[in-house]
Structure formats: C-alpha cells, structure tokens
Amino acid sequence: MKEIIKYCKRIVLGAFILYGYNVIAVNFNMVVPINIITVGLIGFLGAPALVALILLKLMIL
C-alpha cells in the first residue's frame, strides 16, 4: 500500500512539474502536452524524462 501511495505522489508531482514547465515554455512555443504518458514518464523517471521529451519535440519540429 505504501508503494502505491508513493507512486501516486510521484505522478502528481510529475504533473505539477510538467504544468510549471509549460507555463514557462509557452512563450518559446516549446509546450509538451500533458497526458497520461508524459506525466507517467516524468513521474517515474524524473527530470531526465522531461529533458528527453523536450529534445524529442525539438527533433520532430
């Protein structure tokens, strides 16, 4: 039960981190969409996942 709560906290924190990044990045047109996949990646992998998503967005555009 403790692990489930820990993972839920990480997912919620990942959502806040992604939202905070999007608030700043909207001026630079570098918004990463907030969905279950991106929030889950950032929640479980942390900041390196956010950097990877940003780089992936740069490569696609």
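The structure displayed is predicted, hence computed values, not measured ones.
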> Same cluster for Ile54 and Leu56 if Ile/Leu/Val/Met/Phe/Trp/Tyr side chains link at under 4.5 Å?
Replying inline: no
>> Can you tell me how far apart CG (Leu50) and CG (Leu55) are? Round to the nearest 0.5 Å.
In response: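 The CG atom of Leu50 sits 9.5 Å away from the CG atom of Leu55.
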Show the atom names and distances, to 0.1 Å, of all donor-acceptor pairs under 3.5 Å that link a side chain in residues 24-42 to residues at least two apart or in another chain.
residue: Asn35; atom: OD1; partner: Ile37; partner atom: N; Å: 3.2
residue: Asn35; atom: OD1; partner: Thr38; partner atom: N; Å: 2.9
residue: Asn35; atom: OD1; partner: Thr38; partner atom: OG1; Å: 3.1
residue: Thr38; atom: OG1; partner: Pro33; partner atom: O; Å: 2.9
residue: Thr38; atom: OG1; partner: Asn35; partner atom: N; Å: 3.1
residue: Thr38; atom: OG1; partner: Asn35; partner atom: O; Å: 3.1

Donor-acceptor contacts under 3.5 Å from residues 4-12 side chains, at least two apart:
residue: Arg10; atom: NE; partner: Gly43; partner atom: O; Å: 3.1
residue: Arg10; atom: NH2; partner: Phe44; partner atom: O; Å: 3.4

